[in-house]
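Start at 1 and go down the list; that is how both ligands and their atoms are numbered.
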Amino acid sequence: MSGLSRISLTIEETTLTRFDRWIQDQGFPTRSEAVGNLIRNALVSDDWNSSDKEVAGVITIVYDHHKPAILEKLVKAQHDSGAVVICSQHAHLDHSNCLENIIVKGKVADIRLLHQHIESIKGIKHAVITMTTTGHHL
Ligand code: NI
C-alpha cells in the first residue's frame, strides 16, 4: 500500500450536508473512507473506458440449455477469447434455465469481445458484465 496524502476540498454547504448524510447511511466511518471509495470507483470505471487496460470482471449469463448446440457455442466462445477466462460457475436455476458466472481478467477489448460473442449466441437470454479491477494501482 502506498503512503497517505492529506488533501482539502472546497464544496457547497448543501452538497456537503447531503454527502455527510449519505456517508452515514452507507456506513462509512469517515469522510476520507467515503471519498476514497468514490475515487476508486471512478478510476475503475475509467479503466473500463480504455480498450487496452488490464481489468477483471464477471460475465453473467442466463440461458436455456435445451437450445441446440448452445453449450458447445459457449465453450468455443470462451476458448477463442484469448485466455481471458479464469474460471466459470454454473447454476441450474430450474428445469430449463442455467446461470453462469464467467470470471475474466485481461484487456478490456478482449473481455468486451467475449461478451459480444456470448450475447449474440442464439438462446442467450441475458448477458451482462460486472466491471471491477485486478486490484493493482488502487
Ligand atoms: Ni444448468
Checklist outcome for this item: For the Ni ion (ligand 1), protein N, O or S atoms at a distance below 2.8 Å amount to 3
Next on the checklist: I'd like to know if the side chain of His115 and the backbone of Ala127 have a donor-acceptor N/O pair within less than 3.5 Å.
Outcome noted: yes
Item to check | Partner set under side chain to side chain contact (heavy atoms under 4.5 Å, CB included) for Asn101, not counting sequence neighbours | outcome: Val58, Thr60, Gln89, Leu99
Item to check | Matching residue for Gln78 among Ile59, Val84, Val85 - test: side chain to side chain contact (heavy atoms under 4.5 Å, CB included) | outcome: Val85
Item to check | Val104 and its side chain to side chain contact (heavy atoms under 4.5 Å, CB included) partner, picked from Thr130, Ile129, Leu114, Asp110 | outcome: Leu114
Next on the checklist: Among Leu138, Val55, Leu43, Asn41, which residue satisfies the side chain to side chain contact (heavy atoms under 4.5 Å, CB included) criterion with Thr133?
Outcome noted: Leu138
Item to check | Under 3.5 Å: donor-acceptor pair, side chain of Gln24, backbone of Asp20 | outcome: no
